[in-house]
Visitor: 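My questions will all concern the structure given below.
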Protein chains: 2
Amino acid sequence: MELYVRNTTELANLLRDYGITATLQRVEIAGILLSKKQHLSAEQVMGKVNQGRSIVSKATVYNTLRLFAKKGLVKEVIADPTKIFYEPKTESHHHFYNVDTGELTDFNADLKMTDIIPDAPKGMMVKGVDVTIRVGAA
Amino acid sequence: MELYVRNTTELANLLRDYGITATLQRVEIAGILLSKKQHLSAEQVMGKVNQGRSIVSKATVYNTLRLFAKKGLVKEVIADPTKIFYEPKTESHHHFYNVDTGELTDFNADLKMTDIIPDAPKGMMVKGVDVTIRVGAA
DNA sequence: TATTTGTTTAGACTGTCTCTAAATAGATAT
DNA sequence: ATATCTATTTAGAGACAGTCTAAACAAATA
Ligand SMILES: [Mn+2]
Ligand SMILES: [Mn+2]
Ligand SMILES: [Zn+2]
Ligand SMILES: [Zn+2]
C-alpha cells in the first residue's frame, strides 16, 4: 500500500485495484484515510470528510470503512473498547494502546510475531499485553 | 487464583485478599464469574446473577466488574468490538476470537510471548492476529 | 427509453455502557 | 445506643458507537 495518495484519479485507480467501485464518496473517504499513517475512528473520518459542508452520510462512512477493510485496503484495529480504528497501514504490525488517552501507536514485530514485549514509549508503562487472533470458519 | 470457588465465606475472604470489601452483591457476582473458566460479558453476568429474581442492579454489575478487574481478581478482554469480556483466569494468556460467533478461546504462549502463531482450532481459519499492548502513564 | 443493479441517504433504532442523585447499609464517634 | 460519616447500591435517564430500513439516486444495461 502506497501511502500519501492524494490525486483523485490515482485514488480511483487504487480503489479499482482492490475491487472497489470508485464513487465520489469512496474517493473522499479514501483521500482522508490514505493521506498519511494514522488511526482514525469512523466518527473521526466522518468529521474530517465533512468539514463544514455535508458530503458523506454516516451510514456511508460506516459502510465504506467496513468495505475497505473487507477488501484489504485498510486495516481495522480492535483495541479501544468503545470504538474501532481504521488505518491505511496494512502490513502486519501491532499497537501500543494508551488506556489513558485512547491513542494507538504502531510497533513492528518483524521477526516471528512477537517473541519479546517491546519497550513501552518513554513515560509510559505497560498496563497489559493482549494477543488476539481472530478466527472464522475455514 | 484458585478457580471453582463456591462457598460464600471462602468468596468473601478471597475478595478481602484482593482488597475488596465483601458485600452481598459482590459475593454473588464473584460466585458466578469465579465458578469456572469462562469469558462473560457484563450483560451475561447480569443475566446469570439475576436468574428470575432481581438481586443486583445493572450499575452495580458494571461497577463491580470494573472494580474486580482493577484489583486484579479478574481479567478484562478487549477483543470483541461491541463488548468487554471478563474472566477469572488472570495468568497471562491469549485468545482466539471467533468473528462469526464472538466466542473467545484461551491459548497459552508460555515461552516468550508469542513467537509463533498457534494453530487455529480445527475447522477454523485465522482471520487476523492482533497484538495489543496497553500502556499508561508510568 | 425502460429496466435493472448498485450506492447513498436520513433518521429511527439497538446495545453497551455511563452518570446522577437518592436510598441504603455499614462503620465510626460520642 | 444514637448520631454521624462514609461506602455501596439503585433506578432510570442519558451518552455514544454502530446498525437497519426503506426511499432516493446513480450508473449500467437492454
Ligand atoms: Mn462499547
Ligand atoms: Mn461498538
Ligand atoms: Zn497501526
Ligand atoms: Zn481467557
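Throughout, protein chains are lettered first and strands after them, A, B, ... in sequence-line order, and every chain is numbered starting at 1. Values in this document were obtained by computation on a predicted structure and should not be read as measured data.
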Visitor: Not counting sequence neighbours, list each pair that qualifies as a ring-ring contact (aromatic ring centres under 6.0 Å, His included) and has a residue in residues 49-80 of chain B.
Guide: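 Qualifying pairs, neighbours excluded: none.
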
Visitor: Could you check which of D/dG18, C/dT8, D/dT9 has an atom nearest any side-chain atom of A/Ile84?
Guide: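 Closest nucleotide among those given: D/dG18.
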
Visitor: Could you go over nucleotides 27-29 of chain C and give all protein N or O partners under 3.5 Å, atom names and distances?
Guide:
none

Visitor: My understanding is that only one of A/Val61, A/Ile32, A/Leu33 makes a side-chain contact (heavy atoms from CB on, under 4.5 Å) with A/Lys48; could you say which?
Guide: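 Result for side-chain contact (heavy atoms from CB on, under 4.5 Å) with A/Lys48: A/Ile32.
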
Visitor: C/dA25 C1' sits how many Å from B/Ile55 CD1, rounded?
Guide: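 From B/Ile55 CD1 to C/dA25 C1': 17 Å.
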
Visitor: Do the side chains of A/Tyr97 and A/Asp80 get nearer than 4.5 Å, heavy atoms only?
Guide: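 A side-chain contact under 4.5 Å exists here.
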
Visitor: Between atom CG in A/Leu40 and atom C1' in D/dA17, what is the gap in whole Å?
Guide: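 For the pair A/Leu40 CG and D/dA17 C1', the rounded distance is 16 Å.
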
Visitor: Could you work out, with side-chain contact (heavy atoms from CB on, under 4.5 Å) as the rule, every residue matching B/Ile55, not counting sequence neighbours?
Guide: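 side-chain contact (heavy atoms from CB on, under 4.5 Å) check on B/Ile55 returns B/Glu28, B/Asn50, B/Arg53.
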
Visitor: Roughly how many Å is it from CG in B/Leu24 to P in C/dA25, rounded to a whole number?
Guide: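 About 11 Å, once rounded to whole Å.
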
Visitor: Is there any protein nitrogen or oxygen under 3.5 Å from a nitrogen or oxygen in nucleotides 20-24 of chain D, and what are the pairs?
Guide:
none

Visitor: Are any side-chain N or O atoms of B/Thr64 and backbone N or O atoms of B/Thr60, one a donor and one an acceptor, separated by less than 3.5 Å?
Guide: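 Yes.
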
Visitor: Return the angle between end axes of the helix from C/dT1-D/dA30 to C/dT30-D/dA1, with five pairs used per end and rounding to 10°.
Guide: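 Rounded value for the end-axis angle: 10°.
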
Visitor: For the residue pair B/Tyr18 and B/Gly72, what are the closest heavy atoms and their distance?
Guide: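 Answer, listing the atom of B/Tyr18 first, then B/Gly72: CE2-O, 3.4 Å.
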
Visitor: Without decimals, in angstroms, what is the distance between A/Glu43 CD and D/dG18 P?
Guide: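 From A/Glu43 CD to D/dG18 P: 7 Å.
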
Visitor: Which of the following nucleotides, D/dT8, D/dT10, C/dT9, is nearest to the side chain of B/Thr60?
Guide: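 Of all the options, the side chain of B/Thr60 is nearest to D/dT10.
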
Visitor: How many Å lie between OH on B/Tyr62 and C1' on D/dA15, as a whole number?
Guide: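 Value for this atom pair: 13 Å.
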
Visitor: Quickly work out the B/Lys58 NZ to C/dT20 P distance and round it to whole Å.
Guide: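 Distance, rounded to whole Å: 16 Å.
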
Visitor: In chain order, what residues pass the side-chain contact (heavy atoms from CB on, under 4.5 Å) check against A/Lys70, with sequence neighbours excluded?
Guide: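 Partners of A/Lys70 under the side-chain contact (heavy atoms from CB on, under 4.5 Å) test: none.
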
Visitor: Apply side chain to side chain donor-acceptor pair (under 3.5 Å) to A/Thr21 and list each qualifying residue two or more places apart in sequence or on a separate chain.
Guide: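 Not a single residue meets the side chain to side chain donor-acceptor pair (under 3.5 Å) criterion with A/Thr21.
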
Visitor: Within the modelled atom types, does a donor on one side and an acceptor on the other bring the side chain of B/Lys83 and the base of C/dG15 under 3.5 Å apart?
Guide: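 In this structure, the two groups form no donor-acceptor pair.
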
Visitor: Sequence neighbours excluded, which residues qualify as side chain to side chain donor-acceptor pair (under 3.5 Å) partners of B/Thr23?
Guide: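 So B/Thr23 forms no side chain to side chain donor-acceptor pair (under 3.5 Å) with any residue.
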
Visitor: Applying side chain to side chain donor-acceptor pair (under 3.5 Å), name anything that partners B/Gln38, two or more places apart in sequence or on another chain.
Guide: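 Scan of B/Gln38 (side chain to side chain donor-acceptor pair (under 3.5 Å), adjacent residues dropped) gives none.
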
Visitor: Just how far, in rounded Å, is C1' of C/dG6 from NZ of A/Lys71?
Guide: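 From A/Lys71 NZ to C/dG6 C1': 13 Å.
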
Visitor: Measuring to OP1 and OP2 of D/dT10, would you say a side-chain N or O of B/Gln25 lies under 4.0 angstrom away?
Guide: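 Yes.
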
Visitor: Answer yes or no: does a side-chain N or O of B/Thr82 lie under 4.0 Å from OP1 or OP2 of C/dG15?
Guide: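 So the side-chain polar atoms of B/Thr82 never come under 4.0 Å of the phosphate oxygens OP1 or OP2 of C/dG15.
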
Visitor: Would you say B/Thr23 reaches C/dA25's phosphate, i.e. side-chain N/O to OP1/OP2 under 4.0 Å?
Guide: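 Checking C/dA25 against B/Thr23, no side-chain N or O comes under 4.0 Å of OP1 or OP2.
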
Visitor: Under the side-chain contact (heavy atoms from CB on, under 4.5 Å) test, which residues partner A/Thr8, sequence neighbours left out?
Guide: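 Here the qualifying residues are A/Val27.
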
Visitor: Roughly how many Å is it from CD in A/Glu28 to C1' in C/dT9, rounded to a whole number?
Guide: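 From A/Glu28 CD to C/dT9 C1': 16 Å.
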
Visitor: Which residues satisfy the side chain to side chain donor-acceptor pair (under 3.5 Å) test with A/Glu87, sequence neighbours excluded?
Guide: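 A/Glu87 satisfies side chain to side chain donor-acceptor pair (under 3.5 Å) with A/His39, A/His93, A/His95 only.
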
